[in-house]
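To keep things clear, I will list the structure first and then write my remarks on it.
First listed ligand is number 1; within each ligand, the first listed atom is number 1. Start at 1 with the first residue, then count along the sequence.
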Amino acid sequence: MAFFGYIGVFMCGIIGFSGKLDAKKVILDGLTTLEYRGYDSCGVCLVDTDHKFSIVKSTGKVVDLLPKVDEIITKETHVGIGHTRWATHGGVITENAHPHHAGLVNLIHNGIIENYLSLREQYKLDNALEGGTDTEIVANILNLIYKKNKNEPLSSIKKLTDIIKGTFAFLIMFEDRPDEVYAIKHVSPLVCAKSNDGSFIASDITALMPYTKEFSVIEEGTIVCADKDSLKAYDLKTLKEISLKTETITWSVDTAKKDGYNHFMLKEIHEQCTALENTIKPRIIDFNIDLSNDGIEDNAYEFFKKIEKIHIVACGTALHAGKVGASVFQDVLNIPVDDYIASEYRYSNTLTNDKTLVIVLSQSGETIDTLASLEKAKSKGAKVISIVNVKGSTIARNSDYVLYTHAGPEIAVASTKAYTVQVATIYLLLTKIASVRSAIDRSYEKSVCENLYASIENIKTALQKENEIKDIVKYISSSHDAFYIGRGLDYVFSLEGALKLKEISYIHTEAYAAGELKHGTIALIEDGTPVIAVCTQSDIATKFLSNVKEVKARNAYVILIITDGIKYEKDLADIVIKIDKVDDKFSVFPVAVITQLIAYYTAYTKGLDIDKPRNLAKSVTVE
Ligand code: F6R
């Protein structure tokens with residue numbers, strides 16, 4: 001056995017199909033769509049009309065796999081599974097790509113099997129393994145169980161799940177059942193759908209959108225069997241057939257296409273006016289916030305009245321959206337509103353109790369740390385409201401209440417439009433809570449609604465700066481380091497600006513609270529270091545502009561993003577980008593657009609793979 005170190009296969013995209021269509025095309029198109037979940041390696045297992053099973057897999061992206069599949073599989077195929085992988089450790093090598101084959105079993109996996117070492121020993125698999133994945137061990141064990149179980153698929157899968165520990169979404173094909181694809185999951189997400197063309201199973205609905213709008217979430221403890229005529233579900237305990245609950249997706253398939261843009265990220269930046277309008281419009285009636293269609297009415301109001309604190313929990317960009325909400329509304333609500341990194345929250349003593357409202361934010365609705373925080377909060381008696389973009393996702397389903405954002409599918413790994421609508425939704429929610437608690441008067445609520453509507457226009461104006469920004473980034477793109485600075489809310493915007501810039505341009509970028517610079521960080525400012533200074537908070541602008549002067553005095557290259565009307569000295573900055581005058585609490589929207597465009601065009605100038613930045617994946621489904 002070649003040993004390459006055992007590999008956790010974490011945030012992968014998986015798809016299976018059985019039906020009338022060309023399975024090769026369905027699987028490869030699906031993998032292309034799902035590639036944002038991981039792109040270290042990919043592979044397919046397809047069955048041709050002679051019932052011959054072929055596996056083709058390789059490191060790299062789906063586009064490079066295509067010619068290999070065409071070369072090796074020349075006959076028609078109508079059944080198959082495919083996998084695109086994101087690995088955390090160990091080599092990214094073909095042997096570790098999925099599918100894995102053992103005897104009669106072909107298997108793909110999203111998740112991690114924790115007891116792989118003891119299973120390898122127990123089943124004496126050393127000589128059977130070619131690569132170094134936990135998944136290969138599972139494929140081998142399932143093959144042994146299947147043989148022992150007289151080739152009975154359901155009870156074999158049940159036995160497998162009895163002995164493995166960890167998280168998983170498996171798609172399985174048995175070679176003596178060439179029309180069928182089996183699925184079982186624990187924690188890692190899976191959805192399935194049936195159309196006139198056949199049966200589909202995938203990690204998320206984006207891969208199914210070209211075929212159907214009706215789909216079912218595969219629940220815990222359910223085995224699904226897809227064949228060309230049927231999609232059946234079985235209870236894992238009893239192995240009796242059960243029914244699947246169908247949901248409808250409102251996203252259009254066109255929203256998952258690039259529409260002439262060079263990258264999904266740019267398209268998604270431009271979709272923010274529509275996303276914002278779609279998210280706020282159904283929730284604002286006559287300039288009153290109405291969340292009754294989200295189930296937030298009398299029962300929730302009773303709880304809002306008794307809460308003593310609010311915890312906002314999320315990861316990455318979603319956390320930054322939450323931080324904006326916390327910064328704006330703590331004063332308004334006059335109770336502690338604290339934000340937490342989900343991977344910390346789940347393991348710390350956060351004093352969560354039955355008088356805590358926990359708000360979790362997640363585009364994908366699958367981020368494992370956010371999900372674990374949600375479960376922890378519920379176990380402490382807190383109520384959880386989630387702000388989620390993907391309908392039917394695990395976080396949405398497991399929350400007490402869910403407010404869906406209507407951004408449509410976000411394909412680029414770097415989040416843009418999802419952030420904007422998360423901010424808008426948390427503003428609506430926290431204003432509603434303030435109103436129920438009589439912490440604000442009617443005019444405050446009305447002004448939030450008016451400002452949110454006005455933000456649609458402000459985003460439009462900010463988008464018009466695109467050409468200006470294209471020129472500005474030439475300087476940043478040749479730098480190794482950059483800084484974002486701001487004070488108050490501008491510091492919070494800076495955190496997101498810096499994350500966006502670093503994750504797609506690979507330029508080391510940090511965000512600092514400008515008042516902190518003198519306590520260490522200013523030592524890093526050299527001749528020409530780019531400093532992007534965000535100045536939209538009128539109450540603290542004078543103090544902030546003094547901090548900008550301090551970096552300018554050390555010869556930083558200053559790009560000042562400033563609200564029109566705030567006065568500044570002409571020689572303070574090398575470049576000035578003005579945003580329209582807006583209420584300070586709502587500058588988040590135009591600033592987001594400007595900082596997203598800075599990140600996008602910097603990465604574009606550097607010729608990078610913007611939609612799929614290195615080492616990242618869109619959906620982080622294991623901690
Ligand atoms: C950055 C980005 C990530 C996500 C984070 C949480 O551009 O997209 O930081 O915001 O991984 O993901 P969700 O929102 O799906 O929980």
Side-chain angles (χ1 to χ4, degrees), residues 10-11 13 34 36-38 86 88 188-189 203-206 263-266 268-269 272 275 312-325 339-346 359-374 384 386-396 398-399 402-405 407-423 425-426 484 493 495-506 509 511 592-593 595-600 602-603 608-623:
F10 283 7
M11 292 98 73
L34 292 170
Y36 67 90
R37 300 176 72 95
W86 187 92
T88 51
S188 308
S203 300
D204 67 51
I205 42 165
T206 52
H263 297 95
F264 278 111
M265 183 176 175
L266 188 60
E268 288 161 7
I269 290 172
Q272 290 181 101
I312 297 176
V313 190
C315 302
T317 291
L319 174 65
H320 294 156
K323 272 181 184 291
V324 175
D339 56 86
Y340 294 88
I341 298 171
S343 53
E344 296 294 324
Y345 189 81
R346 60 183 293 189
I359 302 173
V360 301
L361 299 99
S362 176
Q363 188 286 127
S364 62
E366 301 294 349
T367 302
I368 197 77
D369 286 319
T370 310
L371 178 60
S373 300
L374 174 162
V384 178
S386 62
I387 296 177
V388 173
N389 196 43
V390 178
K391 201 172 170 193
S393 53
T394 314
I395 290 174
N398 291 11
S399 307
V402 54
L403 294 170
Y404 282 111
T405 50
E410 193 179 62
I411 308 292
V413 164
S415 189
T416 52
K417 59 178 179 172
Y419 170 76
T420 313
V421 293
Q422 281 162 351
V423 171
T425 309
I426 204 163
Y484 261 93
F493 306 159
L495 291 169
E496 176 55 12
L499 176 61
K500 216 82 312 170
L501 183 57
K502 76 179 97 169
E503 71 177 320
I504 61 165
S505 76
Y506 314 147
T509 315
V593 172
T595 55
Q596 291 161 0
L597 287 171
I598 289 176
Y600 175 82
T602 305
L608 297 171
D609 191 351
I610 296 177
D611 284 337
K612 294 179 192 124
R614 70 182 178 210
N615 308 338
L616 295 177
K618 183 85 181 152
S619 193
V620 185
T621 50
V622 179
E623 66 178 304

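- Distance from atom 14 (O) of ligand 1 to its nearest protein heavy atom, with residue and atom name: Q363 N, 2.6 Å.
- Using a 4.0 Å cut-off between heavy atoms, L319 makes no contact with ligand 1 at all.
- Looking from atom 5 (C) of ligand 1 to the surrounding protein, the closest heavy atom is C315 O, 3.6 Å.
- The distance from ligand 1 to the heavy atoms of S362 drops below 4.0 Å at these ligand atoms: 13 (P), 14 (O), 15 (O), 16 (O).
- Here the CD-OG1 distance, from Q596 to T420, works out to 5.0 Å after rounding to the nearest 0.5 Å.
- In terms of heavy atoms, S364 sits closest to V390 at O-CB, 3.4 Å.
- A distance of 7.0 Å separates CG of L266 from CG of L597, quoted to the nearest 0.5 Å.
- Put simply, the side chain of I387 reaches to within 4.5 Å of the side chain of I426, judged on heavy atoms.
- Closest approach of M265 to A414, counting heavy atoms only: SD-CB, 4.2 Å.
- Near V413, meaning under 4.0 Å from any of its heavy atoms, are these atoms of ligand 1: 8 (O).
- Distances below 4.0 Å separate heavy atoms of A318 from the following atoms of ligand 1: 10 (O), 14 (O).
- Shortest contact from atom 15 (O) of ligand 1 to any protein heavy atom: S364 OG, 2.6 Å.
- Atom CD1 of residue I598 and atom NZ of residue K500 lie 13.5 Å apart, to the nearest 0.5 angstrom.
- Residue T367 holds the heavy atom nearest to atom 12 (O) of ligand 1 of all those in T367, I395, L361, L616.
- Neither the backbone nor the side chain of E366 has any atom closer than 4.0 Å to an atom of ligand 1 (non-hydrogen atoms only).
- Annotation for ligand 1: atoms under 4.0 Å from non-hydrogen atoms of K500 are 1 (C), 7 (O).
- Annotation for L616: atom CG counts as buried by contact number, over 12 foreign heavy atoms lying within 6.0 Å.
- Of the protein's non-hydrogen atoms, the one nearest atom 11 (O) of ligand 1 is V620 CG2, 4.2 Å.
- Between L374 and N398, the closest heavy-atom pair is CD2-O, 3.5 Å.
- Looking at atom 3 (C) of ligand 1, its nearest protein heavy atom turns out to be T317 N, 4.0 Å.
- You'll find the side chain of L608 stays beyond 4.5 Å of the side chain of I504, heavy atoms only.
- The shortest N or O to N or O distance between T370 and ligand 1 is not under 3.5 Å.
- When hydrogens are left out, the protein atom nearest atom 7 (O) of ligand 1 is E503 OE2, 2.4 Å; that is the closest non-hydrogen contact.
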Q: Determine, stepwise, if the pair H320 / Y419 fulfils ring pair (Phe, Tyr, Trp, His ring centres under 6.0 Å).
A: CA-CA 8 Å; H320 294 156; Y419 170 76; 7.5 Å; no
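- No heavy atom of T416 sits closer than 4.0 Å to any atom of ligand 1.
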